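Accompanying notes for the structure given below.
Throughout, a chain's letter reflects where its sequence line sits, starting with A, and its residues are numbered from 1. Everything numeric in this text was worked out from a predicted model, so none of it was measured.
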There are 2 protein chains.
Amino acid sequence: MHQADDITLMRVLAALSDPTRAGLVRILADGVERSWGDLRAPVAKSTLSYHLKLLREAGVTTTRREGTRCFVRLRTAELESRLPGLLPVVLAAAEAEGVGADVQLVHN
Amino acid sequence: MHQADDITLMRVLAALSDPTRAGLVRILADGVERSWGDLRAPVAKSTLSYHLKLLREAGVTTTRREGTRCFVRLRTAELESRLPGLLPVVLAAAEAEGVGADVQLVHN
DNA sequence: AGTGTCGTTCGATGATCCACGAACATCGAA
DNA sequence: TTCGATGTTCGTGGATCATCGAACGACACT
């Protein structure tokens, strides 16, 4: 549920203004759908869940369940249509600054 | 003082993720230096001061004192050099969504 | 000196945020 | 069915945020 379909600037900015979430978005930036477990962040499981929920509710990502696993994907197209240019620009800056580098991808 | 010269993505995003501050930035977007008193926002004087301080500390604006008056200006060039493209993109989206429209300019 | 104006700073107050562990639900596999 | 893995949700705690009014400091003008 809670698949925010009114993507608002304020909420997206708020969602992106946290290093952990920025790191997650950075990883998802290639457009590939990732499993929860592939994302390694230096926070507790519940905290990761919290961040992913926040990103989802801000309309930045979508979640798909498959059995017990969940997959996250960046909503690149929707974001680009509602907030043109925002994501690329933020990603570039995050890359340049190394924001959220402690969030990593494991196993492929 | 407190002229943050390490403009970081996270802090700028956090600074812009509030409607009042976004409205202020929108008004300053034309590059013209404005006086405190020219900015009319539906908040108390002290709250406005707080928001302007936050913008300043995030490196988004600069403040200049002249006698008892203060003038704010957007640090367009520095922002563009540190976070290329961010400000224009955010401003465009804010304009499109009407974010911070309750912040207005009075007396010229 | 006395009076305003202007902006900052100081608590105080709710609200929200980020973090954690624990408990729970769900599903696949043994 | 029992176990293990995977996410969610809950309760909590500490920090930060946004807001206000009140008090303060600095300056300009009579």
Side-chain angles (χ1 to χ4, degrees), chain A residues 1-4 8 10-25 28 33-58 60-73 99-100 102-103 105-108, chain B residues 1-4 8 10-25 27-28 33-58 60-73 99-100 102-103 105-107:
Chain A
M1 61 165 105
H2 308 181
Q3 197 106 294
T8 70
M10 293 297 97
R11 280 203 301 179
V12 170
L13 289 183
L16 296 177
S17 69
D18 174 90
T20 301
R21 290 193 292 267
L24 291 169
V25 170
L28 297 170
E33 192 181 53
R34 300 292 181 184
S35 156
W36 247 232
D38 294 349
L39 308 167
R40 187 99 342 145
V43 293
K45 199 173 39 157
S46 52
T47 306
L48 183 59
S49 184
Y50 160 73
H51 283 305
L52 288 166
K53 176 182 172 188
L54 228 153
L55 284 172
R56 193 188 332 136
E57 288 178 348
V60 178
T61 60
T62 333
T63 286
R64 182 176 63 90
R65 305 202 67 129
E66 183 172 324
T68 117
R69 260 194 213 89
C70 275
F71 293 93
V72 223
R73 182 179 56 81
V99 177
D102 47 357
V103 180
L105 196 59
V106 295
H107 185 260
N108 172 31
Chain B
M1 62 167 92
H2 312 175
Q3 198 106 295
T8 71
M10 294 297 98
R11 281 203 300 179
V12 169
L13 289 184
L16 295 178
S17 69
D18 174 90
T20 301
R21 291 191 293 266
L24 290 170
V25 170
I27 287 192
L28 297 171
E33 193 181 53
R34 300 292 179 185
S35 157
W36 248 231
D38 294 348
L39 309 168
R40 187 103 337 149
V43 293
K45 201 172 39 156
S46 51
T47 306
L48 183 60
S49 185
Y50 160 73
H51 283 304
L52 287 166
K53 176 182 172 187
L54 229 155
L55 285 172
R56 193 188 330 136
E57 287 178 348
V60 178
T61 59
T62 333
T63 287
R64 182 176 62 90
R65 307 202 67 131
E66 182 173 324
T68 119
R69 264 198 210 85
C70 275
F71 294 92
V72 223
R73 183 178 56 82
V99 176
D102 49 356
V103 180
L105 196 59
V106 294
H107 187 260

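- Rounded to an integer number of Å, the gap from A/Arg65 CZ to C/dG28 P is 11 Å.
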List the atom pairs, donor and acceptor, that lie under 3.5 Å between side-chain atoms in residues 39-46 of chain A and the rest of the protein, sequence neighbours left out.
residue, atom, partner, partner atom, Å
A/Arg40, NH2, A/Gly37, O, 3.2

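- Atom CG of B/Leu48 is separated from atom C1' of D/dG21 by 15 Å (rounded to the nearest Å).
- Residue A/Arg69 contributes atom CZ, which lies 12 Å from atom C1' of D/dG4 at whole-angstrom precision.
- Within the shown strands, D/dG14 is the pairing partner of C/dC17 under the Watson-Crick or G-U definition, both distances less than 3.5 Å.
- For the pair A/Phe71 CZ and D/dG7 C1', the interatomic distance rounds to 13 Å; values are reported in whole Å.
- A/Arg56 has a side-chain polar atom (N or O) that falls below the 4.0 Å cut-off from OP1 or OP2 of D/dT8.
- Contact detail for B/Phe71 and B/Trp36: the closest heavy-atom pair is C-CZ3, 4.1 Å.
- A 4.5 Å side-chain heavy-atom check between A/Val72 and A/Leu52 finds at least one atom pair inside the cut-off.
- As rounded to whole Å, 20 Å separates atom P of C/dA25 from atom CH2 of A/Trp36.
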Letter by letter from the 5' end, nucleotides 22-30 of chain D scores (B base, S sugar-phosphate only, - none; protein heavy atoms under 4.0 Å) B----SS--
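- Listed nucleotides D/dT9, C/dT8, D/dG7 differ in distance to A/Lys53; the shortest reach to its side chain belongs to D/dT9.
- Rounding to whole angstrom units, CG of residue A/Leu52 and C1' of D/dT8 are separated by 12 Å.
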For side-chain contact (heavy atoms from CB on, under 4.5 Å), just list the numbers for B/Leu48 and B/Leu24, CA-CA rounded to whole Å, side-chain angles, deciding distance to a tenth of an Å, and then say yes or no. CA-CA 10 Å; B/Leu48 183 60; B/Leu24 290 170; 4.0 Å; yes
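- The two atoms that bring A/Glu57 and A/Arg11 nearest to each other are O-NH1, 3.5 Å, heavy atoms only.
- Heavy atoms only, all atoms of each residue included: A/Ala14 and A/Ser17 are closest at O-OG, 2.9 Å.
- In this structure, A/Leu55 atom CG and D/dT8 atom P are separated by 12 Å, rounded to whole Å.
- Pairing each heavy atom of A/Ala58 with each of A/Val12, the nearest pair is O-CG2, 3.7 Å.
- In terms of heavy atoms, B/Pro19 sits closest to A/Met10 at N-SD, 3.6 Å.
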Distances under 3.5 Å only, N/O to N/O: pair up the protein atoms with those of nucleotides 14-18 of chain C.
residue, atom, partner, partner atom, Å
C/dC18, OP1, A/Arg21, NH2, 3.1
C/dC18, OP2, A/Arg21, NH1, 3.1
C/dC18, OP2, A/Tyr50, OH, 2.8

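- Screening B/Leu55, B/Val99, B/Leu16 for a side chain to side chain contact (heavy atoms under 4.5 Å, CB included) with B/Arg21, the sole residue that qualifies is B/Leu55.
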